[in-house]
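We use all heavy atoms of the structure for the numbers below, so side chains are in, but hydrogens, waters and symmetry mates are not.
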Amino acid sequence: MPAEQLTPTSASRPKTGIVHLGLGALFRALGCVFVADAMTASGGDWGIVGVSLRSPKVRDALRPQGWAYTSLTMDVPAPVARQIEVLNDVLVAPEDPTAVLDAMADPAVKIVSLTVTEKGYCHTPATGLLNTEHPDILHDLAHALPRSAIGYLVRALQRRRDAGHAPFTVLTCDNLPKNGKLLRTIVLDFARRLEPDLADWIAEQGRFPCSMVDRITPATTEADIRTVTELTGLFDAAPVIHEPFMQWAIEDDFVGGERPDLEVVGVEMVTNVLRHETMKLRMLNGTHSALAYTGYLAGHKTISDTICDPVFSRYTQDLWSEIIPSVDAPDGVDLSSYADALHARYRNPEIHHLTRQIAMDGSQKLPQRLLGTLRSNLNVGRPTAALCLAIAAWMRYVCGIDEVGQPIEVLDPRLEDIRALTAGLQTPTEIVTALLSMESVFPSDLAPLLRAPVIAAAETLWALGAREAIKTLQDDE
């Protein structure tokens, strides 16, 4: 007999105070959980309306179950399931952009948060500036009903200004350095091209706090859905699967001070989140990307599989030995202990975080995850061999053929550019030189410094394969 459908346990929901753009698994596994806990602890109407900017898949899965879903903590010895009921609706932007703008323009909405991934910012990662040639940006500057997250933010703020309402706080939760400041720059650039007075109003009255979120959240599989059904006795078409650990640090800078009582449930409300951001981007996301490319090339399907290979376990330690000197630790944090905790999190056998999932959109991720550390180290003559091998592994990965001659399904917004640059090239030197010319990824002042060490890493990688290249690196220590 089929399991009963999951449904809300309560008929009442808090009023909508937050609209979230890009309702992916991470925000449902972390942001929604913290907001729900904050309301339980301190009250308040902070119900959330999610917005899918592309696909109706999440909406179609959640609507039959009244927007409730299961948060499944993959702990040892047994997983723990919890029902989350903070969502009020999920809108699908391409189906009804007016409904999305109406929700964001509602004066009862105090916060618009977003997790749209790096590519959703329609910017050039190497410069941090709005990509004015992006097709969605070109469309949104010419049409009142937008396609991009940036277009929605500016058009909704324009509506609020025109109606005499205060702006909402824009809270980004994506893995980008100085993410709030970056988003503010992009939004103001777009707004200024649309209407200079609007840009001035947003600059004066708007708030864009930086934040750092941390919870490893793999893509949900059919096996995960079956596990939830077995644990709860209820069928949930859209559970979120995650590790026990979660952390959210936010700069406490909100329009009118209006926000949930987040600190009471463990969110770190700080004056400056930069050190938290840098630590996480370089030490967690940087090693994740390095392990994704090298691990995938070596035939490992998940991060836990990769890190349980002793060669890759040691490689991760080598990466941290290069990364840690470039990181200014947040108050009270010991970076070596943080690295040890990350290593243990990566080894969690219940978290099936696919290397190919992390490898997606590398052209958007490398600048903040790896290139910042490389710049810091090269500027002062610190070692970079492990980091350069990670860059070489990305270059081999995006060429689209693995170490046994099988095609790789490369998903990257710059894939056409990559293919055009590398077409017909055979040698590692040619490929590295071509890809370093991508100024949208590699800043023009950094690329020349990377050429020799990345070519050296690439020659070893192409000749020996990822695992043996790492062993050679370790033999040279």
Side-chain angles (χ1 to χ4, degrees), residues 13-23 27 31 35 39 44-53 59 67 86-116 120-122 130 136-173 180-181 183-209 250-260:
R13 291 289 180 90
K15 296 176 183 178
T16 298
I18 300 171
V19 171
H20 185 80
L21 303 181
L23 191 65
F27 188 77
V35 170
M39 286 190 291
D45 281 328
W46 293 102
I48 299 170
V49 167
V51 176
S52 173
L53 293 169
R59 188 272 315 274
W67 314 116
V86 72
L87 288 176
N88 290 340
D89 198 356
V90 177
L91 305 175
V92 180
E95 293 181 2
D96 194 348
T98 299
V100 176
L101 291 173
D102 288 345
M104 296 169 69
D106 185 338
V109 169
K110 306 301 181 182
I111 299 169
V112 173
S113 53
L114 61 163
T115 47
V116 295
Y121 288 75
C122 301
L130 180 71
D136 288 348
I137 296 301
L138 291 171
H139 172 276
D140 292 355
L141 286 170
H143 299 84
L145 296 179
R147 293 176 181 168
S148 71
I150 305 304
Y152 276 105
L153 289 171
V154 175
R155 293 291 184 176
L157 287 166
Q158 184 181 42
R159 286 190 176 200
R160 291 175 75 119
R161 184 210 55 181
D162 293 348
H165 302 313
F168 44 72
T169 296
V170 183
L171 177 60
T172 170
C173 304
K181 292 180 174 62
L183 183 54
R184 182 179 187 273
T185 296
I186 295 168
V187 163
L188 291 179
D189 189 352
F190 184 101
R192 192 164 289 111
R193 293 168 189 275
L194 193 68
E195 184 186 338
D197 288 347
L198 174 62
D200 293 340
W201 179 80
I202 296 171
E204 180 182 349
Q205 299 196 30
R207 294 293 182 271
F208 296 78
I250 309 172
E251 291 176 352
D252 199 0
D253 184 22
F254 289 73
V255 175
E258 294 186 281
R259 61 168 176 80

Item to check | side chain to side chain donor-acceptor pair (under 3.5 Å) contacts in which one or both residues fall within residues 90-106, not counting sequence neighbours | outcome: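 Every side chain to side chain donor-acceptor pair (under 3.5 Å) pair that includes a residue of residues 90-106, provided the two are not neighbours, is Arg59-Glu95, Asp102-Arg159.
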
Next on the checklist: So, applying side-chain contact (heavy atoms from CB on, under 4.5 Å) with Phe168, which one of Leu153, Ile111, Val19, Val255 is it?
Outcome noted: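 The passing option is Leu153.
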
Item to check | Step-by-step side-chain contact (heavy atoms from CB on, under 4.5 Å) determination, Trp67 to Asn88 | outcome: CA-CA 6 Å; Trp67 314 116; Asn88 290 340; 5.7 Å; no

Measure across [X] and [Y] and return the closest heavy-atom pair with its distance rounded to 0.1 Å.
| X | Y | result |
| --- | --- | --- |
| Ala105 | Ala156 | CB-O, 4.4 Å |
| Phe190 | Gly151 | CZ-CA, 4.1 Å |
| Pro146 | Leu101 | CD-CD1, 3.9 Å |
| Pro97 | Pro94 | CD-O, 4.1 Å |
| Val116 | Ala149 | CG1-CB, 4.1 Å |
| Val51 | Ala93 | CG1-CB, 4.2 Å |

Residues that [X] engages under salt bridge (charged side-chain N to carboxylate O under 4.0 Å, His left out), provided they are two or more places apart:
| X | result |
| --- | --- |
| Asp89 | none |
| Arg160 | none |
| Arg161 | Glu195 |

Item to check | Which residues share a ring pair (Phe, Tyr, Trp, His ring centres under 6.0 Å) with His165, sequence neighbours left out | outcome: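 Result, ring pair (Phe, Tyr, Trp, His ring centres under 6.0 Å) vs His165: none returned.
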
Would you be so kind as to tabulate the donor-acceptor pairs closer than 3.5 Å made by side chains of residues 199-209, with sequence neighbours excluded?
unit_1 : atom_1 : unit_2 : atom_2 : d
Arg207 : NE     : Asp253 : OD1    : 3.2

Checklist entry - With no hydrogens and no angle check, is any side-chain donor or acceptor of Thr172 less than 3.5 Å from a backbone partner on Gly180? => result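 No.
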
Next on the checklist: Please check this pair: side chain of Tyr121 against backbone of Leu183, looking for a donor-acceptor N/O pair closer than 3.5 Å.
Outcome noted: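 Judged by distance alone, no pair lies under 3.5 Å.
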
Spatial distance of atom [atom1] ([X]) from atom [atom2] ([Y]) [nearest 0.5 Å]:
| X | Y | atom1 | atom2 | answer |
| --- | --- | --- | --- | --- |
| Thr115 | Leu171 | OG1 | CG | 10.0 Å |
| Leu87 | Leu23 | CG | CG | 5.5 Å |
| Leu194 | Asp189 | CG | CG | 11.5 Å |
| Arg193 | Ile137 | CZ | CD1 | 9.5 Å |
| Ser113 | Phe27 | OG | CZ | 3.5 Å |
| Leu138 | His143 | CG | NE2 | 10.5 Å |

Checklist entry - Val100 versus Met104: any side-chain heavy-atom pair under 4.5 Å? => result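 Yes; the side chains approach each other to less than 4.5 Å.
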
With sequence neighbours excluded, what pairs up with [X] under the side-chain hydrogen bond (donor to acceptor under 3.5 Å, both in side chains) test?
| X | answer |
| --- | --- |
| Thr169 | none |
| Asp136 | Arg54 |
| Asp197 | none |
| Arg13 | none |

Item to check | Verdict with reasoning, Ile250 to Arg259, per side-chain contact (heavy atoms from CB on, under 4.5 Å) | outcome: CA-CA 11 Å; Ile250 309 172; Arg259 61 168 176 80; over 6 Å; no

Item to check | Steps toward side-chain contact (heavy atoms from CB on, under 4.5 Å) verdict (Tyr152, Leu53) | outcome: CA-CA 10 Å; Tyr152 276 105; Leu53 293 169; 3.9 Å; yes

Next on the checklist: Considering only residues two or more places apart or on different chains, which pairs with a residue in residues 163-172 satisfy salt bridge (charged side-chain N to carboxylate O under 4.0 Å, His left out)?
Outcome noted: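 Sorted pair list comes back empty.
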
Checklist entry - Does anything in residues 138-155 pair up under salt bridge (charged side-chain N to carboxylate O under 4.0 Å, His left out), and if so which pairs, sequence neighbours excluded? => result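 For residues 138-155, and leaving out neighbouring residues, there are no salt bridge (charged side-chain N to carboxylate O under 4.0 Å, His left out) pairs at all.
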
